[in-house]
Amino acid sequence: MLNPPAWGENSITIVLSHSGNTPEAVEAAKFAKKNGSFVIAITNEIDSKLADKNVSDFLAIYEWGEDASHVDQPMGVVYRIINEFLHQTEDSYEKYEEMKKGLNKIDGIIEKAKEVQLSAARQFAQNYRKQNFLYILGSGANTSHAYGFSICSLMEMQWMDCAFINSAEFFHGPFEVLQDDEVYIQCVNVGQTRVLDTRSRDFIKKYNGQLETIDAKDFGLDTIDGSVIDYFNPMVFYEMGVLYRDQLGEKRGHPTDVRQYMGKVDYSYEPII
């Protein structure tokens, strides 16, 4: 495991695992604590390895499920911790109040997003339930969730072949495979990297690729202050990934909890060097 020079008694390490027992997460927490770092564990399970006092110094248990506020789910918890920490330690930090206002608005924005996009998600699932391959594009703060939509929601939960492309990298090679039989899902941010997403979106339209656009602006995300708006794109697009994967699962007759390897076989590994 890498050991950055700044990782020590003056650092804070945040480790998140839904089960609290993910081996890599538990080992990372132990390693950080051994280095003297203050370890914050975030999990859904109070009786887990990550919750052990010998593994973490502070435990945050988050809520999960359809009725839970997004403020009390993983991203909301992380944002609240970091926002409060910066507010108390950095005199120059100016985003404290706007972050709190954004967190107060995000539940309503996400509910609107589900309502606005539901019909399109259903139609997409009907049209592409037998599609062999999908491309997912996103950028900026949403990069990890667009990537997660690809590898978790679609590859893991739907066994669909797909690839994530950063919108900024689309013109560095991937656009050469654009044909009218290729299917793209373009996640369009609101904020600093929006132009990256609209550029790739408009190119795909121009050259007749089959395009599904999910635009955060349609859901009112731009009502959050511009100084913090980028941070809230991932919260919206996580739920959009859930919406699309669930609709695909229904149309394809493939429940999202079905696995053939994960949790079914032993894939632990001792490297031979």
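Residue numbers start at 1 and run along the sequence shown.
- In terms of modelled atom types and a separation under 3.5 Å, the side chain of Arg201 and the main chain of Thr213 share no donor-acceptor contact.
- Asn166 and Tyr147 are not linked by any side-chain donor-acceptor pair at a separation below 3.5 angstrom, with hydrogens and angles left out of the test.
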- Which is it for Tyr244 and Glu212 under the side chain to side chain donor-acceptor pair (under 3.5 Å) test, yes or no, and what are the steps along the way? CA-CA 11 Å; Tyr244 274 74; Glu212 180 77 358; 2.6 Å; yes

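- Side-chain N or O atoms of Ser37 include none that pairs as donor or acceptor with a backbone N or O of Lys33 at under 3.5 Å.
- In this structure a side-chain-to-backbone donor-acceptor pair under 3.5 Å is present from Lys105 to Thr223.
- Between Asp246 and Lys251 no salt bridge is recorded (no basic side-chain N to carboxylate O distance below 4.0 Å).
- Note: Phe124 CZ to Gln210 CD = 9.5 Å, rounded to the nearest 0.5 Å.
- Side-chain atoms of Gln186 never come within 3.5 Å of backbone atoms of Thr198 as a donor-acceptor pair (strictly under, hydrogens ignored).
- Judged by distance alone, the side chain of Asn233 and the main-chain N or O of Ala141 form no donor-acceptor pair under 3.5 Å.
- Between the Asn189 side chain and the Asp197 main chain, no donor and acceptor come within less than 3.5 Å of each other.
- Here the side chains of Phe58 and Ile12 are not in contact, with every heavy-atom distance at 4.5 Å or above.
- Residues Thr43 and Ser19 share a closest heavy-atom pair of OG1-C, 3.7 Å.
- Between the side chains of His18 and Glu45, no donor-acceptor pair is found at a separation under 3.5 Å.
- What you find for Val26 and Val55 is that their closest heavy atoms are O-CG1, 4.2 Å.
- Between Trp7 and Phe31, the angle of the ring planes lies from 30° to 60°, which puts this pair in the tilted group.
- Side-chain contact, Gln158 with Ser153: no donor N or O sits under 3.5 Å from an acceptor N or O.
- Residues Lys95 and Tyr231 meet the side-chain proximity criterion, which asks for heavy atoms closer than 4.5 Å.
- Of all heavy-atom pairs spanning Ile165 and Pro174, the tightest one is CD1-CB, 3.7 Å.
- No cation-pi contact links Arg245 to Phe149, judged by a cut-off of 6.0 Å to the six-membered ring centre and 45° from its axis.
- Considering every non-hydrogen atom in both Met235 and Tyr79, the closest pair reads SD-CE1, 3.9 Å.
- Hydrophobic clustering, with ILVMFWY side chains joined whenever heavy atoms are under 4.5 angstrom apart, groups Tyr135 together with Leu178.
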- Query: Given Thr193 and Ser139, is the side chain to side chain donor-acceptor pair (under 3.5 Å) satisfied, shown in steps?
  - Reply: CA-CA 7 Å; Thr193 65; Ser139 69; 3.1 Å; yes

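- Closest approach of Arg259 to Lys264, counting heavy atoms only: O-CE, 3.6 Å.
- Between Val265 and Tyr261 there is a side-chain heavy-atom pair separated by less than 4.5 Å.
- A salt bridge does not link Lys112 with Asp107: every distance from a Lys NZ or Arg NE/NH1/NH2 to an Asp or Glu carboxylate oxygen is 4.0 Å or more.
- Inter-residue side-chain proximity for Ile109 and Ile224 is flagged as met; some heavy-atom pair is nearer than 4.5 Å.
- Gln131 contributes no side-chain N or O that, together with a main-chain N or O of Val183, makes up a donor-acceptor pair within less than 3.5 Å.
- Side-chain N or O atoms of Asp180 include none that pairs as donor or acceptor with a backbone N or O of Gly209 at under 3.5 Å.
- Between Phe175 and Phe203, a ring centre-to-centre spacing shorter than 6.0 Å is recorded.
- Under the 4.5 Å side-chain heavy-atom criterion for ILVMFWY residues, no single connected hydrophobic cluster contains both Val78 and Leu59.
- Minimum heavy-atom separation, Gly140 to Thr143: O-OG1, 2.8 Å.
- Aromatic ring pairs are classed by plane angle as parallel below 30°, tilted from 30° to 60° and perpendicular above 60°; the pair His87 and Tyr96 is parallel.
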